[in-house]
Amino acid sequence: MLKKNRFLFSQNKGTDSKVWSGLWRSSLVLQTFAHHFNYIQGRADVPTLEVELAGPRAALALSCAAVCRMLTLVSNGDVSFEAAKLGNVWTAVIPKGTRYEFNDTIWGSTMRRFLEPIKELSEEQFTLVVEEAHRFVKTTVVPTSAPDLVGDDSKYDDLFTFR
């Protein structure tokens with residue numbers, strides 16, 4: 001899976017990487033990317049910072065680096081899994097220590113290597129990745145207002161009027 005970044009492709013049968021397709025759309029990457037959308041769902045909109053490492057493209061690159069990290073830990077035998085007492089839930093057990101941490105020092109360059117081609121995706125291509133990731137997003141209903149708080153706010157109409 002790690003060789004030639006095979007884990008990034010949704011269609012990666014065989015050993016010839018020239019016939020692989022669906023870059024950035026493997027189920028591992030999409031499910032990890034969906035966690036970003038689950039986290040920000042219902043949050044207030046904040047204008048995007050004009051920096052390289054902000055926004056959904058950076059979140060996709062970080063998702064790719066996180067999947068790469070986990071596959072690296074598994075392939076090196078540095079992770080084990082424990083079953084939870086309730087059903088089909090497994091918890092990854094990763095040893096303590098700097099070498100196993102997911103941080104900028106160790107994984108930052110990997111994340112930025114993924115980010116460079118992701119930044120070059122057209123809006124149409126990136127939208128396709130986002131739409132596919134949304135298949136894994138948990139849908140929640142965010143109330144627009146609490147029923148007991150709805151009332152007459154007219155006394156606050158000129159609250160921000162400067163005189």
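Everything quoted here is computed from the prediction, not taken from an experiment. Numbers for residues simply follow the sequence, beginning at 1.
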Is there a path of hydrophobic side-chain contacts, each under 4.5 Å between heavy atoms of I/L/V/M/F/W/Y residues, joining [Y] to [X]?
| X | Y | result |
| --- | --- | --- |
| Tyr39 | Leu28 | yes |
| Phe9 | Leu121 | yes |
| Tyr100 | Leu62 | no |
| Leu71 | Val79 | no |
| Trp90 | Val74 | yes |

Would you give the length of the straight line joining atom [atom1] of [X] to atom [atom2] of [Y], rounded to the nearest 0.5 angstrom?
| X | Y | atom1 | atom2 | answer |
| --- | --- | --- | --- | --- |
| Ser21 | Lys13 | OG | NZ | 10.0 Å |
| Glu120 | Leu115 | CD | CG | 9.5 Å |
| Gln31 | Ser63 | CD | OG | 11.5 Å |
| Arg69 | Thr72 | CZ | OG1 | 9.5 Å |

Closer than 3.5 angstrom, by distance alone: can the side chain of [X] be matched with the main-chain N or O of [Y] as a donor-acceptor pair?
| X | Y | answer |
| --- | --- | --- |
| Asn12 | Trp20 | no |
| Ser26 | Phe7 | yes |
| Arg135 | Glu132 | yes |
| His134 | Val130 | yes |

Single hit among Leu60, Val129, Leu23 for side-chain contact (heavy atoms from CB on, under 4.5 Å) with Ile118:
Leu60
State whether Glu116 and Arg113 are salt-bridged, where the test is any N-O pair (Lys NZ or Arg NE/NH1/NH2 against Asp/Glu carboxylate O) under 4.0 Å.
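A salt bridge is absent here (no side-chain N lies under 4.0 Å from a carboxylate O).
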Is any NZ, NE, NH1 or NH2 atom of the basic residue among Lys4 and Asp16 found under 4.0 Å from an Asp or Glu carboxylate oxygen of the other?
no
So is Arg57 actually on top of Phe126's ring, under 6.0 Å and inside 45° of the axis?
yes
Candidate pair Trp107 and Cys68, rule side-chain contact (heavy atoms from CB on, under 4.5 Å), full reasoning
CA-CA 9 Å; Trp107 287 95; Cys68 183; 3.8 Å; yes
Assess whether side-chain contact (heavy atoms from CB on, under 4.5 Å) is satisfied between Asp78 and Ile94, documenting all intermediate values.
CA-CA 7 Å; Asp78 293 329; Ile94 301 169; over 6 Å; no
Can Leu128 and Arg25 be said to form a side-chain contact (heavy atoms from CB on, under 4.5 Å), step by step?
CA-CA 9 Å; Leu128 178 63; Arg25 299 193 321 256; 3.5 Å; yes
What heavy-atom pair brings Ala133 and Ala34 nearest, and what distance separates the two atoms?
O-CB, 3.5 Å
Nearest atoms (heavy-atom pairs only) where Ala58 meets Met111:
O-SD, 4.3 Å
Run the side-chain contact (heavy atoms from CB on, under 4.5 Å) test on Phe114 and Leu8 for me, step by step, so that the C-alpha distance in whole Å, both residues' side-chain angles and the decisive distance to 0.1 Å come before the verdict.
CA-CA 10 Å; Phe114 290 132; Leu8 297 174; 3.7 Å; yes
